[in-house]
Amino acid sequence: MRVGQRFPWKISHLRDHTSILEGTKSPDLVLADTNYLNSTLHQWVKGNVWIYQDRIIYTGSDMPESLNGTEVLYLEDKWIVPGYIEPHVHPFQLYNPHSFGEYAAKRGTTTFIQDNLMLLLLCDKKKALPFMQQFKTSPLTYYWWSRLDSQTELREEEEVFTNGEVLSWLDDPSVLLAGELTSWPKLAGGDDLLLSWVQEARLRYKRVEGHLPGASEKTIAKMSLLGVTGDHESMSGDDVWKRLEQGLAVTLRHSSIRPDLPKLISELKERNLHSFDSLMMTTDGSSPSFYENGVMDQLVRIAIDEGVEPIEAYHMASYAVAKYYRLDYMQGMIATGRLATLNILSDPLNPVPESVMSKGEWILKDGVEQEPAFTPDWSEINPLKIDWELEADDLQFSMPCGIDMVNNVITKPYSVSIDAGVNELPRDNDESFLMLVDRYGEWKICTLIKGFANNLGGLASSFSSTGDILLIGKSKKDLLDAFKRMKEMGGGIVLIDQGELLHEIPLPLGGVMSDQPMEIIMKEEKKLRSVLKECGYAFDDPVYTLLFLCSTHLPYLRVTQRGIYDVKKKTVLFPTIMR
């Protein structure tokens, strides 16, 4: 079934919708004698769902008076739930918004509320918003954030986050929230420009997502007073409870670096939380292979397995999100007037759907994938064009302070005691050269990193939180070779050891995202993990290690466009050097 006009509907379309109820026009499809989740009644209801084009025309016990040309599917032994909503997507973890959406939709996640940060960094300033708007024509539903900060220390952040650009994003109806606010300490510390943007978001009835790991009760209260409406950074049941007590909406996280959902649910049940269906869930932009077990369907299954009542579990992935973002008039429930976005299940205890419909179009029907109806135009994403050379003289590592990896993403400073003036570091320790160099070749910062790998010659990556280029490894020659190969590919991740190419992942979309389907990206990322592990990488998520080396919302030491940055002291310890 191919749909016609999509929301917003014109008066003529609305008259067509009511004429179906009056019996003078026929629906396109009736899902008959089925069990559907009525979210307002909070129960399963036996009945019929009438669908015309992209809209649910009626839900209840009646059948249409006119069935001229109508397809009727009798689903007596099936269960229908709303399409799942992922409320907190970072759609650039090697995958891109389109590849992630296509993959997620096959397992029932058809609505995405996602980060716009990479669009701001990789598009020309005036083209990021038009690029985003093309996703409105997709059969899937894409909503967006408006970032208010960069999550790192940019050299010219004020040119990326201008007042005009922030307000233009907040004015777009596809933008549902401001944030996430990784710079909340600036907000708390008196940054009036940031506070004004938060208030502008609230005046436009947008939500404001915090980023408050480990925050005290008073800090949470202060953020609520300043305009924050929700947070996804709870790491314990007590964290969730504190946020709920202060009136924040809470999204429970289960991601590749924080797989916390079973623990959070267990601890909330121990505290006798009576209802879970006002909570939301997110995978928080996990690494590709994390999604082998599903997207929101994976989280619904975990919630059910942990003892959450099934209807509440489904609501955590649909109705609760729609209510919080004021979308329940349009989606997040199986009811008259809503978009025909739904999942057909064989069993209410199994959240993996047999069939998936989004805006009236079958995405998956009886287990068979349907032909994609939307392909984005990537021409507005600036390609990584490196028209400069990296020379041996650039690789000068004389910094007295290095970066020590505590885990995948947390780093601390350490005093460099070895001779870093050599062409290759010894392989009997875990120290490597580390360099961040501007994607346009204008500046660099060089230091050492401890704990990344003890047996890797060179890694070059244009995948980072700023789109600049990371070099890590033992051998300056391998670093130069890896950079050269990465440059030839037009961006990506390259691993070379003793002149041998170990692995490469092309990232042609801005040097940050792949243009390949999710299944291919998963395989490439799994191989990246395997190769790095053989080289001595001691952790389990190199994608996030590369992404967060530049990110100043985590302790304690970061390499940034401004230099080596002490997060706690908010100070540049060693500035970048112009090349």
Side-chain angles (χ1 to χ4, degrees), residues 1-32 34 36-40 47-73 80-83 85 101 105 110-113 130 132-144 171-176 205 318-319 321-323 325-344 355-365 370-376:
M1 179 175 62
R2 186 65 63 187
V3 302
Q5 172 67 31
R6 294 196 179 110
F7 175 83
W9 302 292
K10 298 177 182 178
I11 288 177
S12 60
H13 302 130
L14 298 173
R15 296 301 184 194
D16 285 342
H17 299 167
T18 56
S19 68
I20 295 171
L21 280 179
E22 294 163 356
T24 59
K25 191 175 179 67
S26 302
D28 294 321
L29 174 68
V30 175
L31 306 177
T34 190
Y36 65 90
L37 176 55
N38 186 307
S39 295
T40 48
N48 309 306
V49 180
W50 308 0
I51 295 170
Y52 178 71
Q53 295 184 341
D54 61 341
R55 198 178 197 193
I56 297 174
I57 301 301
Y58 169 84
T59 56
S61 58
D62 289 348
M63 285 291 285
E65 293 180 32
S66 173
L67 289 171
N68 184 27
T70 301
E71 180 183 9
V72 180
L73 296 179
I80 304 180
V81 297
I85 304 172
T110 48
T111 298
F112 312 91
I113 304 173
M132 174 273 286
Q133 289 168 334
Q134 69 176 306
F135 285 83
K136 296 176 183 178
T137 64
S138 170
L140 307 180
T141 303
Y142 293 89
Y143 297 108
W144 299 83
D171 283 335
D172 192 282
S174 293
V175 173
L176 299 184
Y205 297 97
S318 57
Y319 187 49
V321 184
K323 282 195 301 181
Y325 284 104
R326 303 184 179 95
L327 300 172
D328 50 319
Y329 73 100
M330 184 57 58
Q331 62 188 109
M333 59 192 303
I334 309 298
T336 298
R338 274 63 176 185
L339 287 170
T341 297
L342 47 85
N343 295 330
I344 300 175
S355 299
V356 176
M357 177 179 285
S358 181
K359 297 180 185 174
E361 288 195 36
W362 290 113
I363 306 299
L364 183 77
K365 188 174 183 182
Q370 305 300 294
E371 183 178 346
F374 169 76
T375 301

> Do I344 and L73 make a side-chain contact, defined as non-hydrogen atoms from C-beta onward lying under 4.5 Å apart?
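A side-chain contact is absent here, since even the closest heavy-atom pair is not under 4.5 Å.
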
> Where do Q331 and R338 come nearest, in terms of heavy atoms and distance?
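For Q331 versus R338, the nearest heavy atoms are N-CG, 3.8 Å.
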
> Hey, is the main chain of L140 close enough, under 3.5 Å, to the side chain of K359 for a donor-acceptor pair?
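Yes, K359 side chain to L140 backbone: donor-acceptor pair under 3.5 Å.
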
> Measuring from K365:NZ to M357:CE, what's the distance to the nearest 0.5 Å?
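Rounded to the nearest 0.5 Å, the NZ-CE separation comes to 7.5 Å.
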
> Any side-chain to backbone donor/acceptor pair from D54 onto F7? Under 3.5 Å, distance only.
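Yes; at least one donor-acceptor contact below 3.5 Å.
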
> Verify, without hydrogens or angle tests, whether R326 (side chain) and Y205 (backbone) share a donor-acceptor contact under 3.5 angstrom.
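Yes.
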
> Between the side chain of T70 and the main-chain N/O of P27, is any donor-acceptor distance below 3.5 Å?
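At least one qualifying donor-acceptor pair exists.
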
> For the pair T110 (side chain) and A105 (backbone), establish whether a donor and an acceptor sit closer than 3.5 Å, ignoring hydrogens and angles.
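Such a contact is absent between T110 side chain and A105 backbone.
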
> Looking only at atom types and distance, does a side-chain atom of T336 sit under 3.5 Å from a main-chain N or O of T59, one as donor and one as acceptor?
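Yes, T336 side chain to T59 backbone: donor-acceptor pair under 3.5 Å.
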
> What are the two closest non-hydrogen atoms of Y52 and S26, and how far apart are they?
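Smallest interatomic distance, heavy atoms only, reads CD1-O, 3.9 Å.
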
> Any chance you could lay out the side chain to side chain contact (heavy atoms under 4.5 Å, CB included) test for W144 and F135, step after step, and finish with the verdict?
CA-CA 10 Å; W144 299 83; F135 285 83; 4.0 Å; yes

> Could you check if a side-chain atom of R55 sits within less than 4.5 angstrom of a side-chain atom of H17, using non-hydrogen atoms only?
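Yes - at least one pair of side-chain heavy atoms lies under 4.5 Å apart.
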
> Working to the nearest 0.5 Å, report the span between CG of L342 and OG of S318.
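Output value for this atom pair is 11.5 Å.
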
> Might you point out which heavy atoms bring G101 and F112 nearest each other, and give the distance in Å?
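Taking G101 first and F112 second, the nearest heavy atoms are CA-CZ, 3.5 Å.
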
> Which heavy atom of G23 sits nearest a heavy atom of S66, and at what distance?
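Smallest heavy-atom distance, with atoms named: O-CB, 3.6 Å.
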
> For the pair R15 (side chain) and H13 (backbone), establish whether a donor and an acceptor sit closer than 3.5 Å, ignoring hydrogens and angles.
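Such a contact is absent between R15 side chain and H13 backbone.
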
> Do F374 and P139 have side chains that get closer than 4.5 Å, going by heavy atoms?
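In short, these two side chains touch, coming nearer than 4.5 Å.
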
> Evaluate the ring planes of W50 and Y58, with Trp represented by its six-membered ring, and classify them as parallel (under 30°), tilted (30 to 60°) or perpendicular (over 60°).
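The arrangement is tilted - the two ring planes meet at 30° to 60°.
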
> Which pair of non-hydrogen atoms, one from I85 and one from G332, has the smallest distance, and what is that distance?
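Closest approach of I85 to G332, heavy atoms only: CD1-CA, 4.4 Å.
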
> Could you walk me through whether M132 and D172 pass the side chain to side chain contact (heavy atoms under 4.5 Å, CB included) test, one step at a time?
CA-CA 10 Å; M132 174 273 286; D172 192 282; 3.9 Å; yes

> Taking the side chain as every heavy atom from C-beta outward, state whether T111 and Y325 have any pair of such atoms under 4.5 Å apart.
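When only atoms from C-beta onward are counted, Y325 and T111 do not touch, as no gap falls below 4.5 Å.
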
> Working note: I56 + Y36, criterion side chain to side chain contact (heavy atoms under 4.5 Å, CB included); need CA distance, chi angles, decisive distance, verdict.
CA-CA 13 Å; I56 297 174; Y36 65 90; over 6 Å; no

> How long is the span from the CD1 atom in I80 to the CD1 atom in I334, to the nearest 0.5 Å?
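Answer for the CD1-CD1 pair, I80 versus I334, is 6.5 Å.
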
> Roughly how far, to the nearest 0.5 Å, is the CG atom of L364 from the CD atom of Q370?
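One gets 7.5 Å once the value is rounded to the nearest 0.5 Å.
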
> Could you tell me the separation between the CG atom of L339 and the OH atom of Y329, rounded to the nearest 0.5 Å?
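Rounded to the nearest 0.5 Å, the CG-OH separation comes out at 8.5 Å.
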
> Show, in sequence, the C-alpha distance, side-chain angles and deciding distance for V321 and I113, and conclude whether the side chain to side chain contact (heavy atoms under 4.5 Å, CB included) test is met.
CA-CA 10 Å; V321 184; I113 304 173; 4.1 Å; yes

> Heavy atoms only: give me the nearest D328-M333 pair and the separation to one decimal.
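Looking at all heavy atoms of both residues, the closest pair is O-SD, 3.5 Å.
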
> Using a 3.5 Å distance criterion without hydrogens, assess whether the side chain of N343 forms a donor-acceptor pair with backbone atoms of V81.
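It does not hold such a pair.
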
